[in-house]
There are 2 protein chains.
Amino acid sequence: MENIRELFQVMTRRFGLLNKNCCSIDVVDISLVQSHILYEIDKREHPSMQQVAEALGMDITTFSRQIQNLVKKGLVKKTPLPEDRRVYTLSLTTEGKFIATTIDREINRYLDEVFSHMTEFEKETVIRSIKLLNECMAKSSVCCKPLF
Amino acid sequence: MENIRELFQVMTRRFGLLNKNCCSIDVVDISLVQSHILYEIDKREHPSMQQVAEALGMDITTFSRQIQNLVKKGLVKKTPLPEDRRVYTLSLTTEGKFIATTIDREINRYLDEVFSHMTEFEKETVIRSIKLLNECMAKSSVCCKPLF
DNA sequence: AATTAATAGTTGTATTTTGCAAATAAAATT
DNA sequence: AATTTTATTTGCAAAATACAACTATTAATT
């Protein structure tokens with residue numbers, strides 16, 4: 001039996017580098033963490049700071065400063081929540097949305113290319129496998145509780 | 001069809017957090033990048049600085065300083081290569097090896113737990129899928145050339 | 001052989017990122 | 001009304017990063 005961790009390590013490193021590369025294309029030029037933040041805000045509906053920071057496994061203070069940077073860059077908007085004025089709600093500006101979309105398109109373009117080396121059946125199998133993996137990781141109680 | 005990038009993002013983020021958590025268990029307490037460096041040195045046979053830095057997609061100057069730290073901590077040994085005295089060969093000390101092994105065991109323990117939520121057949125399928133994925137990513141010319 | 005170019009790694013320096021502790025400010029609980 | 005909890009921000013000091021310039025060694029060119 002092959003080393004399973006090794007397989008994961010190679011895969012995630014490749015995907016990580018892809019993510020990194022896709023941050024500095026064209027007009028877009030942000031850091032990897034910033035791109036992850038944009039992604040996460042885009043995915044959710046007006047999440048709070050806490051929620052996004054926790055999802056990314058980031059310290060809230062570091063996160064707070066990163067958000068300040070993104071607000072300064074005009075990519076993120078911070079809106080106070082009327083019901084609870086301690087909380088700030090995050091959303092993407094038009095430009096932030098544009099950048100998130102550009103990065104997303106670029107990454108999907110790469111993934112398409114990768115899957116083009118497979119048969120349709122293999123592709124289906126791989127995708128189903130990753131889904132299953134994610135479900136099982138979510139079930140696991142040992143470690144890593146990012147509530148997807 | 002589901003969003004493929006999303007699946008990857010969730011999976012790699014979970015695995016990334018796992019990696020991070022496993023750096024600070026018991027006696028072990030190193031940073032995530034340092035653990036990646038240890039892993040990569042352990043995997044190869046006396047790699048050069050360049051090789052490891054490139055594999056990790058790190059700037060060589062940053063890498064150089066990280067190695068200095070790891071040498072100071074007594075986890076890594078730097079040996080000049082006799083045939084080419086510009087080159088340094090990297091290896092783990094006994095303690096470095098111990099730490100790398102501890103982390104590896106911990107991560108595999110988690111992965112076992114994750115796979116325990118599947119049937120044997122599913123597990124086989126998932127592992128074969130990741131292998132296939134790695135092969136196809138290696139084939140791809142678009143992006144991310146870390147030569148595993 | 002002497003000179004030049006290329007390669008491997010290090011250091012100077014300035015910027016960015018990080019995270020703990022402490023602060024603020026607004027709920028929620030007593 | 002007083003206390004506690006929660007969400008976020010700042011002070012600060014340490015760590016990580018990367019560009020440019022450097023040293024040392026080997027390879028290539030003349």
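Naming: A, B, ... by sequence-line order, numbering from 1 per chain.
The interatomic distance linking B:I67 (CD1) with C:dT10 (P) rounds to 9 Å, in whole Å. In this structure, the CD atom of A:E54 is 15 Å from the C1' atom of D:dT8, given to the nearest Å. To the nearest angstrom, P of D:dA14 lies 14 Å from NZ of B:K72. At whole-Å resolution of the value, CD in B:Q50 and C1' in D:dT25 are 14 Å apart. Rounded to whole angstrom, the span from the CG atom of B:L32 across to the C1' atom of C:dT17 amounts to 14 Å. Between the CE atom of A:M58 and the C1' atom of C:dT16 there is a distance of 12 Å, rounded to whole Å. A:D59 has its CG atom 11 Å from the C1' atom of C:dT17, to the nearest Å. The CG-P distance, from A:L70 to C:dT17, rounds to 10 Å in whole Å.
Of the two residues near DNA chain D, A:K20 and A:F63, the one whose nearest nucleotide lies more 5' is A:F63.
Neither OP1 nor OP2 of D:dA16 sits under 4.0 Å from any side-chain N or O of B:T62. Under 4.0 angstrom from either OP1 or OP2 of D:dT8 there lies no side-chain N or O belonging to A:Q68. In this structure, B:S48 does not reach the C:dA8 phosphate: none of its side-chain N or O atoms is under 4.0 Å from OP1 or OP2. Proximity of A:Q66 to the phosphate of C:dT18: a side-chain N or O atom is located under 4.0 Å from OP1 or OP2. Using a 4.0 Å cut-off, no side-chain N or O of B:Q34 falls inside it from OP1 or OP2 of D:dA15. Applying the 4.0 Å criterion to OP1 and OP2 of C:dT10, one finds that B:S64 has a side-chain N or O inside that range.
Distance check: A:I103 CD1 to A:S35 OG gives 4.5 Å after rounding to the nearest 0.5 Å.
Residues that satisfy the side chain to side chain donor-acceptor pair (under 3.5 Å) test with B:T79, not counting sequence neighbours, are absent from this structure. Scanning for salt bridge (charged side-chain N to carboxylate O under 4.0 Å, His left out) contacts around A:K131 gives B:E2, with sequence neighbours left out. Here A:Y88 pairs with nothing under the side chain to side chain donor-acceptor pair (under 3.5 Å) rule; sequence neighbours left out. B:F115 is linked by a ring pair (Phe, Tyr, Trp, His ring centres under 6.0 Å) to nothing, counting only residues two or more places apart in sequence or in another chain.
Residues from residues 75-87 of chain B lying near DNA chain C, meaning a heavy-atom separation below 4.0 Å, are B:K78, B:R86, B:V87 in numerical order.
As judged by a 4.0 angstrom heavy-atom cut-off over every strand, A:Y88 is placed among residues touching the sugar-phosphate backbone only.
Comparing atom distances between the B:R65 side chain and each of C:dT10, D:dC19, C:dG19 picks out D:dC19 as nearest. Among the nucleotides C:dT17, D:dT8, C:dG19, the one closest to any side-chain atom of A:N69 is C:dT17.
Salt-bridge formation is not detected for the pair B:R128/A:E122: no Lys NZ or Arg NE/NH1/NH2 atom is positioned less than 4.0 Å from an Asp or Glu carboxylate oxygen.
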Quiz: residues 91-99 of chain A side-chain donor-acceptor pairs under 3.5 angstrom, not counting sequence neighbours:
residue : atom : partner : partner atom : Å
A:T93   : OG1  : A:G74   : O            : 2.6
A:T93   : OG1  : A:L75   : O            : 3.3
A:T93   : OG1  : A:E95   : N            : 3.4
A:T93   : OG1  : A:G96   : N            : 3.0
A:K97   : NZ   : A:D42   : OD1          : 2.9
A:K97   : NZ   : A:D42   : OD2          : 3.4

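Looking at A:R5 and B:N19, their side chains come closer than 4.5 Å, going by heavy atoms from C-beta outward.
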